[in-house]
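Report on the following structure.
These numbers were taken from a predicted model, which means no experiment stands behind them. Every chain is numbered from 1, with letters handed out A, B, ... down the list of sequences.
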Amino acid sequence: MREIPNKYEWQDAENRINDKWNKKEIYKFDINSKKIYSIDSPPPTMSGNMHMGHAFSFSQMDFIARYKRMRGFSVFFPFGTDDNGLPTAKLVEKMKNVKSSKMERGDFVKLCHSTINELRDAFIQGWKNIGISADWSLSYSTIDLHSQKISQKSFIDLYKMGREYRMEAPYIWCPTCQTAIAQIELQDKELDSSFNDLAFTLKDGKDAIISTTRPELLPACVALFAHPDDKRYKKLEGTTAKVPIFGHDVTVLLDERVDPEKGTGLVMCCTFGDQTDIEWFKAHKLPLRVAITKDGKMTKIAGKYEGMQIKEARKIIIEDLEKAGILKSSKKITHSVNVHERCDTEIEILKTSQWFIKYLDLKKEFIDAGKKINWYPEYMRTRYDNWINGLQWDWCISMQRSFGIPFPVWYCKKCGEINVADESQLPVDPLTDKPKNKCKCGSSDFEPDRDVMNTWATSTLTPQIAIGLIDDKDAMKKLFPMDLRTQAHDIITLWLFNTVVKSMFHENNIPWKNTMISGFALDSHGKKMSKSKGNVIEPSTVLQKYPADALRFWASESKLGDDMSYQEKDIKTGLKFVTKMWNASKFAFIHLEDYKPKKIKVTNTIDKWILSKMTDTIKTCTEAFDEYQYSKSKRAFENFFWQDLCDNYLEIAKDRLYNPDKYPKGSKESAHYTLYKVLLACVKLIAPITPYISEEIYQIFFKENEKSESVHITAWPEIEKDLIDKTSEKSGDIACSIIGAVRKYKSIQNVSMNQPIKKIRISCSDELKDLIDTVSEDIQNTVKAETLEFKDDCDIECNGYDIKLGFDM
RNA sequence: GGGCCGGUGGUCUAGUUGGUUAUGACGUUGCCCUUACAAGGCGAAGAUCGCCAGUUCAAAUCUGGCUCGGCCCACCA
């Protein structure tokens with residue numbers, strides 16, 4: 001045993017311990033282990049700094065990883081980063097001050113890769129700094145060649161299964177980013193607008209007034225709609241109306257999707273203003289009129305407005321309508337519109353050619369798959385089910401961008417046939433590579449697919465990507481399905497669901513047996529942290545002032561699935577715990593300096609009491625961890641450690657440890673045995689949550705006897721049935737209660753706890769008297785009472801028991 | 001508008017198969033330098049458990065309605 005510093009210097013300790021873990025490969029995964037536990041963790045997006053939510057949810061999964069490791073599993077815990085696609089491209093454009101649209105595609109892609117490489121190590125360091133016990137030799141990026149290969153193979157397999165098709169369809173389009181975007185990338189934004197009533201001219205010369213916020217879509221108008229039950233308009237069904245300014249004729253139609261209460265009850269349908277327009281377009285087989293270009297300008301059909309930006313055109317058209325007397329009224333409104341979350345641009349719906357994965361026919365299978373997964377917490381499954389039940393569109397996986405994983409596809413210039421790459425070519429870039437074979441029409445003149453897959457097409461393959469890192473031909477057999485997916489609740493519908501989809505297609509199995517869903521870290525007012533609100537706190541800032549253990553301790557407070565607000569005071573609580581742990585251990589080290597653990601008979605009731613309580617705590621912590629309830633485990637541990645062990649046991653045992661001669665022979669040995677055993681259990685029980693202080697204490701004191709290189713690969717404490725002793729537990733509890741009463745008495749008398757008292761008087765039943773007899777000496781010595789006697793003239797309450805007390809100073 | 005989750009001392013939070021005095025922390029406050037810890041210890045004050053109704057001998061806990069907050073979805077002419 002080496003010299004014990006008075007204070008725990010956490011900065012120094014954490015660096016030293018990180019080095020040790022690294023050097024000794026404590027978290028190295030062994031595929032040949034008989035017991036394997038595998039974790040599919042979310043690859044964080046490199047386009048932002050590590051934020052509190054990351055620290056929060058990754059700490060929580062690390063609690064589980066560390067617990068399982070101590071339960072004897074070799075833990076497969078790889079770490080990925082998501083550096084694929086649009087977020088990275090945006091970051092690079094901003095950092096390097098370039099525009100991908102103004103660069104050679106190959107140059108931009110190269111710049112993206114080199115930027116990722118510049119940033120990657122520092123980014124990952126953030127996770128190392130909070131003590132994540134991933135096997136860092138198993139790292140992947142969602143854009144690396146390994147991921148590209150798997151992603152492209154997934155595409156080819158699905159294509160061959162007939163699950164993928166490319167089709168022209170109305171889809172969400174961002175005019176700024178000039179790409180199709182996923183529904184999940186939409187955000188609601190409250191914007192000012194005007195709700196304009198304008199007049200279409202009916203065949204009989206009368207006006208038909210419609211209300212719209214988007215008069216610039218008039219050239220794209222293809223019909224007018226009214227509700228079938230709307231008496232005002234029903235008779236107009238089938239008549240034609242002339243579109244103001246633009247002059248083409250459209251028909252008045254009836255459809256139940258019209259809200260008669262809204263505006264004038266008559267609405268124009270444009271291709272495309274919103275989702276309903278798409279539905280009408282399909283249901284009524286309407287013509288297509290495109291008024292907006294891919295870069296957000298007016299098209300030729302807009303006549304003199306051609307080439308104008310959408311908003312500019314809207315303004316001028318309203319002015320023109322007003323001049324012409326067509327604008328009947330206009331009122332200012334605020335309404336929410338869909339914008340692209342990354343650039344805040346109002347989205348458009350354009351008919352473009354995209355790749356889709358066909359899956360709407362399999363809703364039932366997906367819901368059944370969800371039932372085979374154990375959800376923690378259970379209620380999160382409902383979100384998954386609801387999402388599937390509400391699905392209406394196939395999954396669009398293409399984007400019109402330059403940076404991303406290309407589709408392994410060429411189109412035959414002669415016959416138009418789709419030619420997919422041969423598996424042996426992967427990863428492939430159709431822009432620079434050629435197909436292995438001629439087209440079946442005999443031509444070898446090809447046009448490459450210029451799109452890239454969106455990030456979700458790849459990130460839904462993390463189980464396959466992660467397992468692919470293992471150099472073992474049976475890796476898939478050994479690791480799939482994985483044991484656990486961890487993620488936050490906001491992307492159940494997207495990431496979790498679509499991973500199940502891919503897994504069902506490719507492996508015909510669920511991707512993992514369990515899923516653990518975490519909440520968010522919110523700011524101190526319970527609001528989501530976001531850059532625009534300026535309320536973001538980064539873990540790196542916290543770690544300058546507090547140990548990683550304190551941050552993790554905070555993360556362990558939250559019940560699984562619940563959001564938690566971040567307040568610095570809660571991190572302080574974590575620091576206080578670390579300090580307490582250190583000090584209590586220091587006390588033990590002083591008394592156990594020459595102690596060698598060996599099994600002895602425990603003689604003292606108070607020792608039996610704490611050992612029995614410890615057994616109880618181990619049971620609670622183990623059961624809680626098995627249900628992924630780390631916060632329950634932590635709470636049980638904390639109560640035991642702080643209240644039972646520190647506040648009571650150590651205080652009671654102190655006298656026996658310093659003055660063993662006052663006690664029967666063997667008392668000191670009994671205390672030594674107990675103290676060692678209990679402290680070791682404590683260090684282990686909290687090791688998953690506060691790995692650094694636990695490791696430090698283990699290294700200084702326990703390693704010598706326990707042999708394992710690290711506390712994190714020692715065995716989780718076992719329940720020893722022979723330590724359960726309910727009678728001693730009750731005696732000990734009563735002793736603590738009596739000691740508490742004396743402390744309170746001394747406190748009210750404003751005297752030091754050291755102040756001796758002459759006599760403790762106790763009145764209680766004979767049954768309780770027998771229990772108290774076994775601990776009376778400990779009570780007396782702990783509170784420095786000269787005598788203790790059973791008498792009937794007492795009136796002070798003894799908390800929780802039918803006992804009355806009296807004290808004579 | 002729909003789904004799921006939550007509302008507990010000033011602040012954060014445990015407890016929800018109904019049953020003595022509702023857990024812990026931060027903050028406030030009194031005392032105490034006590035051979036681990038003043039970054040501490042021992043006490044104290046502070047909660048009609050979001051609101052209303054119901055079931056029950058008994059409700060923080062169960063039921064219904066309302067309200068506020070979070071996430072997801074829909075709407076957004």
Side-chain angles (χ1 to χ4, degrees), chain A residues 4 6-8 183-184 188-191 193 195-196 210-214 217 224-225 257-259 262-270 273-277 333-338 377 379-387 389-392 488-494 519-520 522 524-528 557-559 561-570 572-591 631-632 635 638-639 642-643 646-647 650-651 654 657-658 739-740 742-755 784 797 799-800:
Chain A
I4 306 150
N6 198 37
K7 269 177 77 178
Y8 171 59
Q183 213 182 324
I184 195 77
D188 282 352
K189 196 175 179 186
E190 288 291 324
L191 287 177
S193 183
F195 202 32
N196 308 290
I210 61 111
S211 305
T212 182
T213 54
R214 301 203 55 188
L217 286 178
L224 294 185
F225 278 97
R257 279 164 278 212
V258 178
D259 176 4
K262 199 154 187 174
T264 59
L266 194 63
V267 56
M268 69 169 179
C269 168
C270 307
D274 61 22
Q275 296 278 356
T276 320
D277 288 342
I333 56 160
T334 311
H335 67 161
S336 73
V337 293
N338 282 139
Y379 63 75
M380 291 292 184
R381 186 213 314 275
T382 312
R383 296 195 186 187
Y384 172 91
D385 290 348
N386 288 345
W387 168 257
N389 286 326
L391 270 180
Q392 295 199 40
H489 55 65
D490 57 335
I491 49 175
I492 288 173
T493 53
L494 194 81
F520 292 137
L522 307 174
S524 57
H525 305 289
K527 301 280 172 210
K528 201 172 171 178
E557 289 278 335
S558 138
K559 211 164 65 171
D562 274 11
D563 297 345
M564 195 164 66
S565 65
Y566 169 83
Q567 301 201 65
E568 188 171 339
K569 69 180 183 62
D570 295 327
K572 279 186 188 154
T573 305
L575 174 59
K576 282 169 82 166
F577 168 75
V578 169
T579 306
K580 189 75 174 176
M581 190 85 200
W582 178 254
N583 286 321
S585 301
K586 218 166 60 185
F587 173 83
F589 299 162
I590 291 164
H591 293 284
S631 64
K632 204 169 168 185
R635 202 167 276 272
E638 203 183 3
N639 282 341
W642 210 297
Q643 290 166 25
C646 293
D647 290 350
L650 295 185
E651 291 302 326
K654 207 176 252 179
L657 288 161
Y658 280 111
I739 291 165
V742 181
R743 283 167 173 167
K744 185 169 173 176
Y745 182 75
K746 285 185 180 178
S747 199
I748 291 166
Q749 303 294 320
N750 284 357
V751 298
S752 151
M753 290 300 142
N754 247 359
Q755 177 84 32
K784 307 201 187 314
E797 294 276 337
N799 202 10

Looking across every strand, which nucleic acid part, if any, lies under 4.0 Å from Asn639(A) by heavy atom: base, sugar-phosphate, or nothing?
nothing

Work out how far the C1' atom of G50(B) is from that of U8(B), and round it to whole angstrom.
10 Å

Taking only the C1' atom of each, what is the distance from U21(B) to G15(B) in whole angstrom?
15 Å

Scan Asp647(A) against the nucleic acid and name what it touches under 4.0 Å (heavy atoms): base, sugar-phosphate only, or nothing.
sugar-phosphate

Protein-nucleotide distance (Tyr745(A), atom OH; A44(B), atom P), rounded to Å
16 Å

Between A77(B), A39(B), C12(B), spot the one nearest the side chain of Asp570(A), thanks.
C12(B)

Need one value for Glu638(A): base, sugar-phosphate or nothing, where a base atom within 4.0 Å counts as base even if backbone is also close, heavy atoms only.
nothing

Across the strands shown, which category fits Trp387(A) at heavy-atom distances under 4.0 angstrom: base, sugar-phosphate, nothing?
sugar-phosphate

Partners meeting side chain to side chain contact (heavy atoms under 4.5 Å, CB included) with Asp259(A) (sequence neighbours left out):
Glu261(A), Lys262(A)

With 3.5 Å as the limit, what N/O pairs link the protein to nucleotides 27-35 of chain B?
{"from": "G30(B)", "atom 1": "N2", "to": "Ser747(A)", "atom 2": "OG", "distance (Å)": "2.9"}
{"from": "U34(B)", "atom 1": "O4'", "to": "Asn754(A)", "atom 2": "OD1", "distance (Å)": "3.4"}
{"from": "U34(B)", "atom 1": "O4'", "to": "Asn754(A)", "atom 2": "ND2", "distance (Å)": "3.0"}
{"from": "U35(B)", "atom 1": "O2'", "to": "Tyr658(A)", "atom 2": "OH", "distance (Å)": "3.4"}

Can you tell me how far C1' in U13(B) sits from the matching atom in A22(B), rounded to whole Å?
13 Å

Need one value for Arg383(A): base, sugar-phosphate or nothing, where a base atom within 4.0 Å counts as base even if backbone is also close, heavy atoms only.
base

Using Watson-Crick or G-U wobble geometry with both distances below 3.5 Å, tell me the partner of C33(B), or none.
none

Identify whether any heavy atom of Cys646(A) sits under 4.0 Å from a base atom; if not, whether one sits that close to sugar-phosphate; answer base, sugar-phosphate or nothing.
base

Taking side chain to side chain donor-acceptor pair (under 3.5 Å) as the definition, give me every residue that meets it alongside Asn196(A), ordered by chain and number, with sequence neighbours left out.
Ser194(A), Ser330(A)

Could you tell me whether Phe520(A) contacts a base, only the sugar-phosphate backbone, or nothing, with contacts defined as non-hydrogen atoms closer than 4.0 Å?
sugar-phosphate

P spacing across the pair U16(B) / U63(B), given as an integer number of angstrom:
15 Å

Counting any heavy atom closer than 4.0 Å, what does Ser631(A) reach on the DNA or RNA strands: base, sugar-phosphate only, or nothing?
nothing

Identify, with sequence neighbours excluded, every residue that meets side chain to side chain contact (heavy atoms under 4.5 Å, CB included) alongside Leu391(A).
Tyr359(A), Leu360(A), Lys363(A), Trp387(A), Phe497(A)

side-chain contact (heavy atoms from CB on, under 4.5 Å), that's the test. Do Val742(A) and Met753(A) meet it? Break it down for me.
CA-CA 9 Å; Val742(A) 181; Met753(A) 290 300 142; over 6 Å; no

Have a look at Lys744(A) and say if it touches a base, only the backbone sugar-phosphate, or nothing, with a 4.0 Å heavy-atom cut-off.
sugar-phosphate

Lys586(A) and Asn583(A): side chain to side chain donor-acceptor pair (under 3.5 Å), yes or no, with the steps?
CA-CA 5 Å; Lys586(A) 218 166 60 185; Asn583(A) 286 321; 3.3 Å; yes

I want to verify a distance call: between G43(B), C4(B), C37(B), whose nearest atom is closest to the Arg743(A) side chain?
G43(B)

Go ahead and name the base partner of A44(B); Watson-Crick or wobble counts if both distances stay under 3.5 Å, otherwise write none.
U28(B)

Between C26(B) atom C1' and Lys569(A) atom NZ, what is the distance in whole Å?
4 Å

Pairing residues for Val258(A) by the side chain to side chain contact (heavy atoms under 4.5 Å, CB included) criterion, not counting sequence neighbours:
Phe225(A), His227(A), Val267(A), Trp280(A)

Looking at Lys654(A) and Glu651(A), is any side-chain nitrogen of the basic one under 4.0 Å from a carboxylate oxygen of the acidic one?
yes

Show each protein N/O and nucleotides 14-22 of chain B N/O combination with a separation under 3.5 Å, one pair to a line.
{"from": "A14(B)", "atom 1": "O4'", "to": "Arg635(A)", "atom 2": "NH1", "distance (Å)": "3.4"}

Sugar-phosphate, base or nothing in reach of Gly740(A), heavy atoms under 4.0 Å:
sugar-phosphate

Would you indicate which nucleotide in C71(B), A77(B), A39(B) comes nearest to any side-chain atom of Lys7(A)?
A39(B)

